[in-house]
Every structure is written in structure tokens, then in C-alpha cells.
Trainee: 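Before anything else, here's the structure in question.
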Amino acid sequence: TSRPLSAESSSTTAADGTDYYYMVRAYDGTNESVDSNVFGPVQSTDQQPPVIADQFPADRALDIAPGTNISFTVSDSGTGVDRTKLTTTVTADGVAVDVGTPTITGTAAKYTVVYNPANDFAYRAVVNVTVEAYDLGGKTATSSWRFTIAGPPTYTISGSVRSSTGVGLENVVVSTGDQWALTNAAG
């Protein structure tokens, strides 16, 4: 008595989009059947979305330089990343930022994406980044992170201004760059 055959197969090494043909041979522990008819073609399909990683600056990083670049990687172990559908949205304190056109290097298996904004971020701005990536099989992934830009630099001017006789001079303007101060009675 014969029964209909049903079988499933899974492979982590089958290349997406490649035709595969199968045949079945039964074994009952003692005897082996003849080969079944060959069936196919069947193709592996990409079941995993792309992976967005290596975000820079890191999520919740503090004291980031105002002139920082933004970068990340997008990889896909299946059909590969569709770089034509890669979108990145950046806001600073809730206002959209034009970060320009990215530099993208690598292959569809793994791209490195770098944005070099034309303008520095404002001091103490909270920057939010959202990336959406698709693979060539239509699967999508999204990643969001934020970082905070450092505050303005601080300067300390110290010392005293004295006359040739060693007496402190009051109300002398001492400056460096756009920072200035007046001396007190001690100079």
C-alpha cells in the first residue's frame, strides 16, 4: 500500500533566486526505494529583513562634537540590501536637518553609509536619526537612535595685570577670541 509523500526542506546555504531541483529516495531501515521523479525548480526565498547596525554616534551618546558625521551599516544575508530604497531622517531639537547625500560603500550584502552634514549641529541639540532599509526581497527594517551635541567650550582666563611697580591695575580688558573680562582692583 502506498501513501502520498509529503516533505519539507530547509537550508541556510541555498542562494536566493537560484533554481533547485529535488528527488526523493525512501529508506525503511532495510530497503531503499528507487529515485522519485525529479521535481522543481523551486527557489529559496529571503525570510529575514536587513540588519541596521554600527550606529554612530551611539544611541544616547552625550557630548558629541557639533561637526560629527552620522554613520551606520546595513546588511542582508539573503537577497541583499536595496540601496535605492534606503531612507534616513534626521532632526535636531525636533527640526528636520538636511544631511545631504550619503557616501555609500560596500556591496548589497553589507553597505556602510556615512552622512557628513554641511552645517554643524547647534550646541546641546538632541539629534534623532531614523533609518529605514529594504532588502531586494522586499523585507524592511527600521532603526532609530538619538545623541546629544556637546555644549559650547568654556574658557578660564586667570592671572593678574600689574604695573611696572607691581601694583594691580583695575578695569583692564583681557581677551582671547570673543571672550573677555575686566580686571578687579588686585589686577
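Heads up: numbering here begins at 1 and tracks the sequence.
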Trainee: Without swapping roles, check the side chain of Ser71 against the backbone of Val113 for a donor-acceptor pair under 3.5 Å.
Mentor: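 Checked: no pair found.
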Trainee: Hey, mind stepping through Val173 and Leu182 against side-chain contact (heavy atoms from CB on, under 4.5 Å) and telling me if it holds?
Mentor: CA-CA 5 Å; Val173 175; Leu182 291 175; 3.4 Å; yes
Trainee: Can you list the steps and then say if Tyr115 with Val90 is a side-chain contact (heavy atoms from CB on, under 4.5 Å)?
Mentor: CA-CA 10 Å; Tyr115 287 92; Val90 178; over 6 Å; no
Trainee: Return yes if some donor-acceptor pair links the side-chain N/O of Thr112 with the main-chain N/O of Thr105 below 3.5 Å, else return no.
Mentor: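 Side chain of Thr112 to backbone of Thr105, a donor-acceptor pair under 3.5 Å: no, none is there.
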Trainee: Only pairs under 3.5 Å count here: list side-chain donor-acceptor contacts from residues 134-148, not counting sequence neighbours, and write none if there are none.
Mentor:
residue: Asp135; atom: OD1; partner: Gly137; partner atom: N; Å: 3.0
residue: Asp135; atom: OD1; partner: Gly138; partner atom: N; Å: 2.9
residue: Asp135; atom: OD1; partner: Lys139; partner atom: N; Å: 2.8
residue: Thr140; atom: OG1; partner: Ala133; partner atom: O; Å: 3.2
residue: Ser143; atom: OG; partner: Gln55; partner atom: NE2; Å: 2.8
residue: Ser144; atom: OG; partner: Thr130; partner atom: OG1; Å: 3.1
residue: Trp145; atom: NE1; partner: Pro57; partner atom: O; Å: 3.0

Trainee: Would you check if Asn116 and Thr103 make a side-chain contact, meaning some heavy-atom pair closer than 4.5 Å?
Mentor: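 No, every pair of side-chain atoms sits at 4.5 Å or beyond.
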Trainee: Quick check for you: to the nearest 0.5 Å, what is the distance between Leu169 atom CG and Asn184 atom CG?
Mentor: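 Here the interatomic distance stands at 11.0 Å.
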Trainee: With rounding to the nearest 0.5 angstrom, report the CZ to CD1 distance, Arg124 to Ile64.
Mentor: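 If we round to the nearest 0.5 Å, Arg124:CZ and Ile64:CD1 are 15.0 Å apart.
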Trainee: Side-chain contact, heavy-atom cut-off 4.5 Å: Val114 with Phe56?
Mentor: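 Result no, sub-4.5 Å side-chain heavy-atom pair not found.
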Trainee: Do Pro117 and Asn69 have side chains that get closer than 4.5 Å, going by heavy atoms?
Mentor: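 They are in side-chain contact.
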Trainee: Under a 4.5 Å cut-off applied to non-hydrogen side-chain atoms, are Leu86 and Ile104 in contact?
Mentor: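 Yes, their side chains come closer than 4.5 Å.
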Trainee: How long is the gap from OG1 on Thr183 to CD on Glu170, to the nearest 0.5 Å?
Mentor: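 These two atoms lie 7.0 Å from each other.
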Trainee: Could you tell me if the side chain of Thr89 sits less than 4.5 Å from the side chain of Thr87, heavy atoms only?
Mentor: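 A side-chain contact under 4.5 Å is absent here.
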